[in-house]
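Values reported hereafter were calculated over all heavy atoms of this structure, with side chains retained and with hydrogens, waters and symmetry mates removed. Being a predicted model, the structure only gives us computed values, none of them experimental.
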Amino acid sequence: MKKLNVFLPVILIVLLLISWYSFLSGTFKTTIEYNSYIKEAKASIKDGLYEQAIEFYKDALSVKKSVGIYRDIKSTYDTLYKEEHIPFIRNAYISDMALAATDFPNQDEFWNTQIKLYIEANNYTKAYETAVQAKNMNVSGKEFDKLYKELLYMTKIDYKLYSKFYTALNGYITVYDGNEWLVLGDDGKELIGPYKLIGLLNDDGKGLYINNIDTRILDKNEIARARFKLDVEEAGCYSESSDLIPVKIKDKWKYVNSKGKLLKGEYDVAGSFYNKKAVAKKDNKWYLIDEKGNETKLDFQDIKLDLYGSYIQSGIILAKKGGNYHIYDADFKQIGDFSASNVDICISSNLIAFEKGGKWGFANKEGKVEIEPAYDGAKSFANGYAAVKNDGGLWGFINSNNELVIDYKYFDAFYFTSSETCMISEADGCYQLLQFKFD
């Protein structure tokens, strides 16, 4: 028994020594193999055999994964691709950088390389998909963030040209292509038309239409809700609660109801009815109009009308008095001490563009300046973006962080819809629909 007690520990020690020998000899063999692949790869690079070098580096990776080896592969591809700038090599480069990003997802350089190669190949969809994949892996870095933002704000422009348009950012865009009027959805798809004239549509899709027979108020399904005979040149937004719509006839604005009856009075400017009232201008004076056409003179030099033609915008009024614009409540009482030489409209409680000292900035509804005046022109924020103009007279777009996200390149630019589309102009009198390339 004593001999057995001594013999068992000896056996265990021998087995342990054998195990360690096997491990060490295997590790030694692996290290030799790994170093051999690296040596062969470097020799191949020296001989200009870059693809062979990449093969040896991949053999080394099969022995041991290493960020350093993937970087050597990247460096070799850079040299090879510079010498032979062809799609075959580019595709192989992308494929191997995708493997590198899979093995080491926190290394932004492997993601950046893929993205830049896809952009070079004009494959922006794959570039964006790769950037989103990296973003979901919490990849970050100065170069990656720049590439991601470039793709995120990449735009495309509908090829169709229009010479006039009306929109209230409610999903309907009324456009004139030089021959006929159409209604587009804010994705650019045709919804209604063609007609001789289509006015601004309200949120329910109702508005004034003219065909070869008569003038009508139609709903979004083109069902007539009113018909009458009037030679209308332009039309504003139809108020169903007041049953009135501003129309331009012989270069003067009037109000007509669904029976075709005109209210008394004609104006140079006529806003739409809101809460049973509208504002209108004649002889350089502004008036508050009720549903019977009665006028109350207002002590303002100007009143801004929003995209619907309403004088009340998100609960406030923007009007000019004493040579400057101020903010007023719905009862025409001034809010705070905000003062500006010019202002744009207010859209959905977003920041309002204003001019002071010859430059444009942005303020909130209480008159607090959020972005100091620095632009040669600006339009108020709508759905996260605002059009701004540089000193060269071109328009681009900023986001709510005051970052330029769409470069200065447009003759004019307007307001983004909730579907992230916007009308822009690349030439005087021509308008097109701008959309972000990716959702």
Side-chain angles (χ1 to χ4, degrees), residues 23-156 403 405 436-439:
F23 171 75
L24 292 172
S25 62
T27 301
F28 183 66
K29 181 181 178 182
T30 300
T31 302
I32 292 174
E33 189 177 21
Y34 179 82
N35 290 336
S36 174
Y37 289 140
I38 300 299
K39 184 178 179 181
E40 292 288 354
K42 290 181 178 179
S44 296
I45 291 172
K46 191 174 181 181
D47 293 336
L49 303 174
Y50 303 114
E51 289 164 297
Q52 179 174 284
I54 291 167
E55 285 182 345
F56 282 123
Y57 279 133
K58 286 183 178 180
D59 288 335
L61 285 172
S62 68
V63 176
K64 182 176 68 175
K65 301 288 186 185
S66 164
V67 172
I69 295 302
Y70 273 122
R71 286 176 178 153
D72 288 336
I73 290 174
K74 179 182 179 302
S75 177
T76 306
Y77 266 119
D78 286 338
T79 304
L80 172 61
Y81 192 46
K82 186 177 181 180
E83 185 178 288
E84 296 186 60
H85 208 75
I86 59 176
F88 174 78
I89 294 173
R90 181 177 61 229
N91 292 339
Y93 194 0
I94 290 172
S95 179
D96 284 341
M97 288 300 96
L99 290 174
T102 300
D103 288 337
F104 298 97
N106 62 330
Q107 299 296 318
D108 64 333
E109 62 196 290
F110 303 138
W111 296 102
N112 295 342
T113 301
Q114 293 177 75
I115 294 166
K116 288 189 288 186
L117 289 169
Y118 278 130
I119 290 174
E120 183 187 306
N122 295 321
N123 193 342
Y124 298 107
T125 300
K126 285 296 295 182
Y128 180 69
E129 288 174 354
T130 303
V132 169
Q133 185 182 358
K135 194 75 172 176
N136 291 338
M137 304 284 286
N138 297 317
V139 172
S140 185
K142 188 175 181 180
E143 184 176 16
F144 172 78
D145 293 343
K146 181 180 178 181
L147 288 168
Y148 179 74
K149 187 178 291 185
E150 177 186 335
L151 291 162
L152 184 65
Y153 296 117
M154 190 168 284
T155 59
K156 58 183 177 181
E403 299 171 322
V405 294
F436 285 116
K437 199 174 186 72
F438 306 108
D439 295 331

Handout entry: Within 6.0 Å of NZ in K65, more than 12 heavy atoms from elsewhere
Key = yes
Practice task
For residues T125 and E129, determine if any side-chain heavy atom of one lies less than 4.5 Å from a side-chain heavy atom of the other.
Solution key: yes
Problem - Distance in Å, K58 NZ paired with L99 CG, rounded so as to fall on 0.5 Å steps - result: 7.0 Å
Practice task
Check the angle between the aromatic planes of Y128 and F438 and answer parallel, tilted or perpendicular using the 30° and 60° thresholds.
Solution key: parallel
Practice task
Measure the spacing between CD of Q133 and CG of N136 and express it to the nearest 0.5 Å.
Solution key: 8.0 Å
Handout entry: Side chain to side chain, K126 and I94, heavy atoms closer than 4.5 Å
Key = no
Exercise for the section: For the residue pair N122 and Y124, confirm or rule out a side-chain donor-acceptor distance under 3.5 Å. Expected result: yes
Handout entry: Taking every non-hydrogen atom, the tightest pair across I38 and A60
Key = CD1-CB, 3.7 Å
Exercise for the section: Could you check if a side-chain atom of Y34 sits within less than 4.5 angstrom of a side-chain atom of S66, using non-hydrogen atoms only? Expected result: yes
Handout entry: Beyond-backbone contact of E109 with R71, side-chain heavy atoms, under 4.5 angstrom
Key = yes
Fill in the blank from the handout: Distance col, row S62:OG vs I69:CD1, nearest 0.5 angstrom, shows 11.0 Å
Practice task
Looking only at non-hydrogen atoms, find the nearest pair between G141 and D108 and report the distance.
Solution key: CA-OD2, 3.9 Å
Problem - Residues K42, D72: salt bridge by 4.0 Å N-O rule - result: no
Problem - Short side-chain donor-acceptor distance under 3.5 Å, E120 and Y81 - result: yes
Handout entry: Sidechain-backbone polar pair: W111 side chain, P105 backbone, donor-acceptor under 3.5 Å
Key = yes
Problem - Flag, side chain of T102 to backbone of A98, donor-acceptor distance under 3.5 Å - result: yes
Problem - Spacing of I115 atom CD1 and F144 atom CZ [to the nearest 0.5 Å] - result: 5.0 Å
Problem - Pairwise side-chain contact, K116 with I119, heavy-atom cut-off 4.5 Å (strictly under) - result: no
Completion exercise
Heavy-atom nearest pair, A41 first then A53, reads O-CB, 3.4 Å
Fill in the blank from the handout: Heavy-atom nearest pair, Y118 first then T130, reads CE1-OG1, 3.5 Å
Practice task
Would you check, one step at a time, whether the test side chain to side chain contact (heavy atoms under 4.5 Å, CB included) holds for N35 with K39?
Solution key: CA-CA 6 Å; N35 290 336; K39 184 178 179 181; over 6 Å; no
Practice task
Establish, from distance only, whether the side-chain atoms of D78 and Y93 form a donor-acceptor pair under 3.5 Å.
Solution key: yes
Fill in the blank from the handout: Residues A101 and F110: closest non-hydrogen pair is N-CB, 4.0 Å
Handout entry: Full working for side chain to side chain contact (heavy atoms under 4.5 Å, CB included) between Y50 and I45
Key = CA-CA 5 Å; Y50 303 114; I45 291 172; 4.1 Å; yes
Handout entry: Donor-acceptor side-chain pairing of Y37 and E33 below 3.5 angstrom
Key = yes
Exercise for the section: Check step by step if side chain to side chain contact (heavy atoms under 4.5 Å, CB included) holds for Y70 and I73. Expected result: CA-CA 5 Å; Y70 273 122; I73 290 174; 4.2 Å; yes
Problem - Distance in Å, L117 CG paired with N112 CG, rounded so as to fall on 0.5 Å steps - result: 10.5 Å
Exercise for the section: Would you mind reporting whether S140 and D145 have side-chain heavy atoms less than 4.5 Å apart? Expected result: yes
Completion exercise
So CG of D96 and CD of Q114: to nearest 0.5 Å the spacing works out to 10.0 Å
